[in-house]
Student: 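Sharing a structure with you now.
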Amino acid sequence: MTHLWVRAEQRPQEERVGVTPEGVAALIAQGFRVTVEDSPCRALPLAPYLAAGAQAAPFGSWPDAPRDAIIFGLKELPDDDSPLPHRHIMFGHAFKGQPAGQRLLARFRAGGGALYDLEYLTSEQGRRVAAFGYWADYAGAAVSLLAYAAQARGGICPPVARFDDRHAMAHAVANALAGLDAPRVLIIGALGRVGTGAADLCAAAKASVTRWDMAETAHGGPFPEILAHDVFLNCILASPQTPVFVPSNARDTPRKLRVVGDIACDPTSEFSPVKVYDRATDWDAPVLRVCNDPVLDVMAIDNLPSLLPVESSQDFAAQLLPHLLALDDFSAGVWGRARAVFEQHRA
């Protein structure tokens, strides 16, 4: 019997979950055993999971789970040196040279476990089968425009917190921009589902949007058009093929650009296309001011969908559920391809 152990997220300000109570009911109906850890902050409460047939476990008890359990979470584990003997499903951020990712791989080597990275669950055509991208881009565009509004009034973006829903978020942005000239926003990655989220928020906020995708970036740069906009939103994941969109010298180059929203947010990867900053931001300090004259702020929050935890969890869980239902054959399909990526990088 396949045993799926849904761990509670241990990162601050992380309320998302990758499976809903309805999804748990479907898994149990197919013969799975499901354990769900209690959580002080999960956007979806524990009781409906138990009503669906799941077993409860204490918060953070996954290290003591049976060895054959598959540990399922979203964001990173506590960063320590403990060996990892289980199979883990999560976003590991370990395959692009990130320092924390190298430590994570060392823990898997030490414990004999395996990482099935959610970013690398792909179809036979190489497309991701489940992603938070729409909600990351919607929320990332919102925080970037909040930063633009604060900067236009002589300040810096204040702390942000979770919103009840996307309508409340769009309303907050529209209020912040009231009385200002509509910002000109350039979105790279605008034609996919991911970039659509950013474009939808910008439309709701009445911003002027330029939409770019592969055709506009195929020549590899430079991209002076980015510097001619007020706000640039990067929705492209870092990879060896990704060109540099904002080089390090952009800080000292004549520009209209005032806010970069690096929604893909991978600053410690050598493949990052935004070279004017070196660390992620957070809810308490949403932007880094990387230049004062003229001002340039970078928004690089790496858990943006958590600002809309209910909607983003429900959407992601619906995308992922058909593949969770296939976990009884862990060596095939999306899981087999993800395991091959892990084995390549573990070696």
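When reading the values below, keep in mind they use all heavy atoms of this one structure, side chains included, and skip hydrogens, waters and symmetry mates.
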Student: I'd like to know if the side chain of D200 pairs up with that of Y138 as donor and acceptor (distance under 3.5 Å, no hydrogens or angles considered).
Tutor: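 Absent: no donor and acceptor within the cut-off.
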
Student: How long is the straight-line distance from CZ of R339 back to CG of D117, given to the nearest 0.5 Å?
Tutor: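 Between D117 CG and R339 CZ, I get 13.5 Å after rounding to 0.5 Å.
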
Student: side-chain contact (heavy atoms from CB on, under 4.5 Å) between T217 and I188: does it pass, once the steps are laid out?
Tutor: CA-CA 8 Å; T217 60; I188 292 186; 4.0 Å; yes

Student: Measure up the F132 and F316 rings against each other and bin them: parallel (under 30°), tilted (30 to 60°), perpendicular (over 60°).
Tutor: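 Taking F316 first and then F132, their aromatic rings lie parallel (interplane angle under 30°).
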
Student: Could you list the donor-acceptor pairs under 3.5 angstrom formed between side-chain atoms of residues 62-71 and any protein atom two or more places apart in sequence or on another chain?
Tutor:
| from | atom 1 | to | atom 2 | distance (Å) |
| --- | --- | --- | --- | --- |
| W62 | NE1 | Q10 | OE1 | 2.9 |

Student: Would you say the side chains of S306 and R16 form a donor-acceptor pair under 3.5 Å?
Tutor: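 The answer is yes; a qualifying pair exists.
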
Student: Determine all donor-acceptor pairs shorter than 3.5 Å in which one atom belongs to a side chain in residues 54-61; sequence neighbours excluded.
Tutor:
| from | atom 1 | to | atom 2 | distance (Å) |
| --- | --- | --- | --- | --- |
| Q55 | OE1 | R33 | NE | 2.8 |
| Q55 | OE1 | R33 | NH2 | 3.4 |
| S61 | OG | P58 | O | 2.7 |

Student: Any Lys/Arg nitrogen of K96 or E119 sitting under 4.0 Å from an Asp/Glu carboxylate oxygen of the other?
Tutor: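 Yes, charged N to carboxylate O under 4.0 Å.
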
Student: Determine, step by step, whether R107 and D81 satisfy the salt bridge (charged side-chain N to carboxylate O under 4.0 Å, His left out) criterion, reporting the C-alpha distance in whole Å, the side-chain angles of both residues, the deciding distance to 0.1 Å, and the verdict.
Tutor: CA-CA 6 Å; R107 294 170 66 188; D81 295 326; over 6 Å; no

Student: Take Q13 and D284 through the side-chain contact (heavy atoms from CB on, under 4.5 Å) test and state the conclusion after the steps.
Tutor: CA-CA 10 Å; Q13 300 168 330; D284 293 328; 4.0 Å; yes

Student: Decide side-chain hydrogen bond (donor to acceptor under 3.5 Å, both in side chains) for N303 and W283; before the verdict, give the C-alpha distance in whole Å, the side-chain angles of both, and the deciding distance to 0.1 Å.
Tutor: CA-CA 9 Å; N303 63 334; W283 294 18; 3.2 Å; yes

Student: Give a yes-or-no answer on whether the side chains of D329 and S331 include a donor-acceptor pair shorter than 3.5 Å.
Tutor: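 Side chains of D329 and S331: pair found under 3.5 Å.
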
Student: Determine, stepwise, if the pair D262 / Y277 fulfils side-chain hydrogen bond (donor to acceptor under 3.5 Å, both in side chains).
Tutor: CA-CA 10 Å; D262 191 9; Y277 79 111; 2.5 Å; yes

Student: Does a salt bridge link R162 with E15, judged by any charged N lying under 4.0 Å from a carboxylate O?
Tutor: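 So R162 pairs with E15 through a salt bridge.
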
Student: Do the side chains of I28 and L327 join up, straight or via other hydrophobic residues, at under 4.5 Å, putting them in one cluster?
Tutor: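 In one cluster with I28: L327, yes.
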
Student: Determine whether the aromatic ring centres of residues F223 and H219 are separated by less than 6.0 angstrom.
Tutor: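 Ring centroids of H219 and F223 are less than 6.0 Å from each other.
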
Student: Donor-acceptor pair, distance only, cut-off 3.5 Å: does the side chain of D230 make one with the backbone of L257?
Tutor: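 No; judged by distance alone, with no hydrogens or angles, the pair does not exist.
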
Student: Supply the atom-to-atom distance T242 OG1 to L237 CG, rounded to the nearest 0.5 angstrom.
Tutor: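 So the gap between those two atoms works out to 8.0 Å.
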
Student: To the nearest 0.5 Å, tell me how far E216 CD sits from L191 CG.
Tutor: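 Between E216 CD and L191 CG, I get 7.0 Å after rounding to 0.5 Å.
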
Student: Less than 4.0 angstrom from a charged side-chain N to a carboxylate O is my criterion; do E76 and R11 meet it?
Tutor: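 A salt bridge is present here (some side-chain N lies under 4.0 Å from a carboxylate O).
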
Student: Should the ring pair H88 and H86 be called parallel, tilted or perpendicular, given that the plane angle runs from 0 to 90° and is split at 30 and 60?
Tutor: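 Perpendicular, since the angle between the ring planes exceeds 60°.
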
Student: Working to the nearest 0.5 Å, report the span between CZ of F271 and CD of Q98.
Tutor: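 Taking CZ in F271 and CD in Q98, the distance rounds to 9.5 Å.
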
Student: Under a 3.5 Å threshold, yes or no: a donor from one side chain and an acceptor from the other, between E37 and W5?
Tutor: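 Result is yes, a qualifying pair exists.
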
Student: Is the ring pair F108/F342 parallel, tilted or perpendicular, if the boundaries are 30 and 60 degrees?
Tutor: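 Rings of F108 and F342: perpendicular, as their planes differ by over 60°.
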
Student: Less than 4.0 Å between a side-chain N and a carboxylate O, is that true for D297 and R258?
Tutor: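 No, this pair does not count.
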
